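Shown next, in structure tokens, is the structure this report addresses.
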Amino acid sequence: MKSDAVKTGMQQAPHRSLFNALGLTEEELHKPLVGIVSSYNEIVPGHMNLDKIVEAVKLGVAMAGGTPIVFPAIAVCDGIAMGHIGMKYSLVTRDLIADSTECMALAHQFDALVMVPNCDKNVPGLLMAAARVNVPTVFVSGGPMLAGRVKGQKRSLSSMFEAVGSYAAGTMTKEDVKEFENKTCPTCGSCSGMYTANSMNCLTEALGMGLKGNGTIPAVYSERLKLAKHAGMKVMEMYEKHICPRDIMTSEAFLNALTVDMALGCSTNSMLHLPAIAHEAGVELDMELVNEMSARTPNLCHLAPAGPTYMEDLNEAGGVYAVMNELSKKGLLHLDCMTVTGASMGENIQNCVNRDPQVIRPVEDPYSQTGGIAVLKGNLAPDTAVVKRSAVAPEMLKHEGPARVFDCEEDAIAAIKGGRIAAGDVVVIRYEGPKGGPGMREMLNPTSAIAGMGLGSTVALITDGRFSGASRGASIGHVSPEAAVGGPIALVEEGDIISIDIDNHALNVLVSDEELEARRAKWQPRTPQITSGYLSRYAALVTSGNRGAVLELAKRG
């Protein structure tokens with residue numbers, strides 16, 4: 001056992017004295033030590049139930065012959081952090097979570113781990129840690145929130161943000177907004193649409209790191225407690241069979257995850273997180289693959305904000321495994337990949353039928369023949385940019401319009417809500433990238449304001465920042481290189497015509513190469529907005545969005 005390094009032999013007598021201080025018995029110390037990484041806190045709605053999940057995991061581990069020991073991981077609520085300086089501290093926690101979990105797992109020599117995350121950066125951060133530590137590991141999330149109901153219709157957090165825009169446009173009253181406020185988020189759990197948290201929990205199943213239902217069983221269902229107990233039992237099976245995360249998270253597993261991503265219409269944040277997780281697993285996930293995968297993968301689901309269905313509906317329809325079973329009919333998956341069940345992905349999904357073709361379209365009758373995400377390139381994004389194609393109105397798949405340029409999110413929101421953005425405009429928000437923000441803020445407030453003002457099918461938004469999974473419309477993010485390092489987005493001027501052609505994967509500013517070079521010669525780096533604390537260290541180490549915004553040590557001379 002790995003944990004023998006801290007509990008066996010005369011040299012470890014001092015260590016055992018500290019285990020005695022914890023109240024652990026000799027019987028417990030003779031068993032494998034299983035770290036339960038708990039993301040429980042009282043500020044994130046998706047995490048307020050995780051104490052119950054953790055207790056269920058502990059029971060499962062103990063029933064299967066392990067000794068469960070809990071330690072914490074942090075999490076930021078993206079919704080509460082949205083629209084102010086707090087959003088700078090969202091993406092950056094992914095690396096804090098990975099680093100701190102690595103520290104705890106290796107410092108205490110755990111034999112196995114069960115990760116209990118739920119929300120946006122928490123899931124990828126713990127997947128990154130699992131790949132680094134590489135001991136038997138199972139994931140069980142806290143589960144999605146049930147959809148709210150307002151005036152007889154299902155609603156979610158994106159509806160709430162858009163309601164604020166509708167109020168600014170004069171199409172909603174304060175009383176209307178108050179009703180949304182009180183009803184859109186009715187239970188604990190990760191927000192009820194296919195936003196980032198639910199995207200990553202579903203992709204954890206597709207990667208093979210979570211059990212069936214990990215991404216879709218609602219947080220308030222007792223079935224999730226059963227899932228947590230089974231996760232605790234399963235990690236002990238993995239320990240006995242010596243199955244570790246890098247045995248599961250192979251290059252083929254990441255291709256499966258990308259395929260499922262396209263079919264589900266996941267958040268564009270998955271295009272940051274999958275490359276970062278792959279990087280930790282020793283797999284190079286080239287963003288150029290995305291369009292190739294999209295070209296052959298049908299989009300089978302239109303979950304909120306792309307459509308009127310929610311996570312609870314996907315769960316009832318058969319969940320992620322039912323989607324994967326549909327995809328397997330066209331030979332789109334690597335079915336021999338190992339999973340945390342100890343069986344192959346093909347064995348896992350073979351009897352998982354689609355119970356609702358209105359929620360999961362049959363593979364023969366998809367929403368579209370191409371996947372939910374597209375990667376764009378051009379003189380405005382020489383490396384890449386990303387858009388959630390499945391949430392773009394058909395008339396905006398190809399668009400040309402004048403640039404309305406803003407150097408921060410706040411200025412753009414003021415212009416949108418002030419009625420200074422017109423149909424046809426292309427809103428450009430720059431210096432919000434990983435380095436420039438720093439922290440690559442999500443632009444849910446401006447996209448929701450655009451939608452709420454009734455401009456969602458006529459106005460595009462382009463940024464070197466990123467978007468919440470709750471954003472919809474022609475919202476193009478992760479523009480790389482970012483403005484802070486002199487990317488072409490820094491050279492765009494008010495009124496420049498920007499051309500968007502999503503079907504042909506193109507993003508260009510219609511300015512000559514000579515003019516761009518002349519502007520570049522005059523460009524000066526922007527003064528850093530934050531010069532102390534964690535964000536300044538993050539800005540010094542973070543790479544571009546097209547590389548997953550991973551951290552790299554500065555090169556030494």
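Keep in mind that the numbers below use all heavy atoms, side chains included, and drop hydrogens, waters and symmetry copies. Note that the structure is a prediction, hence the values are computed from the model and not measured.
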So, does K121 use its side chain to make a donor-acceptor pair with the main chain of L91 at under 3.5 Å?
no
If you apply the rule side chain to side chain donor-acceptor pair (under 3.5 Å), what do you find for S267 with S199, and how did you get there?
CA-CA 6 Å; S267 163; S199 294; 5.0 Å; no
So does G265 get a backbone contact from the side chain of K388, meaning a donor-acceptor N/O pair under 3.5 Å?
yes
Residues S480, S544; criterion side chain to side chain donor-acceptor pair (under 3.5 Å); working and verdict
CA-CA 7 Å; S480 302; S544 175; 3.1 Å; yes
Taking the side chain as every heavy atom from C-beta outward, state whether V290 and M262 have any atom pair closer than 4.5 Å.
yes
Quick one, R155 with E162, criterion salt bridge (Lys or Arg N to Asp or Glu O under 4.0 Å). Give me CA distance, side-chain angles, the key distance, then yes/no.
CA-CA 11 Å; R155 298 290 189 177; E162 289 176 15; over 6 Å; no
For R472, is the CZ atom crowded, meaning more than 12 foreign heavy atoms sit under 6.0 Å from it?
no
Just do the salt bridge (Lys or Arg N to Asp or Glu O under 4.0 Å) check on D496 and R519 with the steps written out, would you?
CA-CA 13 Å; D496 285 348; R519 293 179 187 181; 2.7 Å; yes
I need the M82 CE to F161 CZ distance, nearest 0.5 Å.
5.0 Å
Keeping E409 on the side-chain end and P446 on the backbone end, is there a donor-acceptor pair under 3.5 Å?
no
Contact between D356 and D313 at the side-chain level, heavy atoms closer than 4.5 Å - yes or no?
no
Closer than 4.0 angstrom, basic N to acidic O: yes or no for K178 and E175?
no
For S468 and D78: C-alpha separation, side-chain torsions, deciding distance, then whether side chain to side chain contact (heavy atoms under 4.5 Å, CB included) applies.
CA-CA 8 Å; S468 164; D78 277 26; over 6 Å; no
Return the minimal non-hydrogen interatomic distance between S90 and T93, and the atom names on each side.
O-OG1, 2.6 Å
Hey, is the main chain of F467 close enough, under 3.5 Å, to the side chain of N269 for a donor-acceptor pair?
yes
Does S192 reach the main-chain N or O of P144 with its side chain, forming a donor-acceptor pair under 3.5 Å?
no
I'd like to know whether C202 forms a side chain to side chain contact (heavy atoms under 4.5 Å, CB included) with M194, so could you lay out the CA-CA distance, the side-chain angles of the two residues, the decisive distance to 0.1 Å, and finally the verdict.
CA-CA 9 Å; C202 288; M194 186 53 79; 4.1 Å; yes
Contact between Y534 and L96 at the side-chain level, heavy atoms closer than 4.5 Å - yes or no?
yes
Measure the NZ-OH distance between K88 and Y538 for me, rounded to the nearest 0.5 Å.
12.0 Å
If you define the side chain from C-beta out and look only at heavy atoms, does anything of D407 sit under 4.5 Å from E432?
no
Donor-acceptor pair, side chain of S39 and main chain of V116, under 3.5 angstrom:
yes
Restricting to non-hydrogen atoms, name the atom on D464 and the atom on Y431 that form the minimum distance, rounded to 0.1 Å.
OD2-N, 3.2 Å
Does any donor atom in the side chain of R389 or S368 lie under 3.5 Å from an acceptor atom in the other side chain?
no
Has N379 got a side-chain atom pairing as donor or acceptor with V509's backbone, closer than 3.5 angstrom?
yes
What distance separates E205 CD from M200 CE, expressed to the nearest 0.5 Å?
12.5 Å
State, with a plain yes or no, whether a side-chain heavy atom of N201 is found less than 4.5 Å away from one of N118.
yes
Side chains of T268 and R466 in contact at under 4.5 Å (non-hydrogen atoms):
no
Please check if the number of heavy atoms outside Y367 that lie under 6.0 Å from its OH is greater than 12.
yes
Test side chain to side chain contact (heavy atoms under 4.5 Å, CB included) on M453 and V459; report intermediate values, then the result.
CA-CA 10 Å; M453 297 284 283; V459 169; over 6 Å; no
Closest non-hydrogen contact found for V363 with P298 is CG2-CG, 3.8 Å
Verdict with reasoning, R420 to E494, per salt bridge (Lys or Arg N to Asp or Glu O under 4.0 Å):
CA-CA 13 Å; R420 302 197 302 274; E494 186 81 6; over 6 Å; no
Any side-chain heavy-atom pair from E288 and K377 closer than 4.5 angstrom?
yes
How many angstroms lie between atom CG of L507 and atom CD1 of I498, to the nearest 0.5 angstrom?
7.0 Å
Side-chain heavy atoms of C185 within contact of M145, under 4.5 Å
yes
On a heavy-atom basis, the closest approach of L300 and P362 is CD2-O, 4.0 Å
Could you check whether S294 and N291, counting side-chain N and O atoms only, form a donor-acceptor pair closer than 3.5 Å?
no
Taking atom CG of L510 as the centre, does the number of heavy atoms from other residues, nucleotides or ligands within less than 6.0 Å exceed 12?
yes
Any donor and acceptor pair, going by atom type alone, linking the side chain of H478 with main-chain N or O of L272 inside 3.5 Å?
no
Of all the heavy-atom pairs spanning N198 and S190, show the shortest one and how long it is.
OD1-OG, 2.6 Å
Can R296 and E292 be counted as an ion pair, charged N to O under 4.0 angstrom?
no
Are more than 12 heavy atoms, taken from residues, nucleotides or ligands other than M48, located less than 6.0 Å from that residue's CE atom?
no
Determine yes or no for a side-chain-to-main-chain donor-acceptor pair under 3.5 angstrom, with N299 supplying the side chain and H302 the backbone.
no
Are the side chain of R224 and the backbone N or O of N214 linked by a donor-acceptor pair below 3.5 Å?
yes
Please report the shortest heavy-atom distance between A539 and K435, naming the atom on each side.
O-NZ, 2.7 Å
For atom CD of Q358, decide whether the heavy atoms of other residues, nucleotides or ligands shown that lie under 6.0 angstrom number more than 12.
no
To the nearest 0.5 angstrom, please state how far the CD1 atom of I360 sits from the CD atom of E326.
7.5 Å
Hey, mind stepping through E442 and T196 against side chain to side chain contact (heavy atoms under 4.5 Å, CB included) and telling me if it holds?
CA-CA 11 Å; E442 287 183 344; T196 306; 4.2 Å; yes
Could you walk me through whether R441 and E410 pass the salt bridge (Lys or Arg N to Asp or Glu O under 4.0 Å) test, one step at a time?
CA-CA 11 Å; R441 288 194 288 181; E410 289 81 359; 2.9 Å; yes
E493/K522 ion pair, N-O < 4.0 Å
no
Gap between atom CG of D411 and atom CD1 of I429 - 0.5 Å precision
9.5 Å
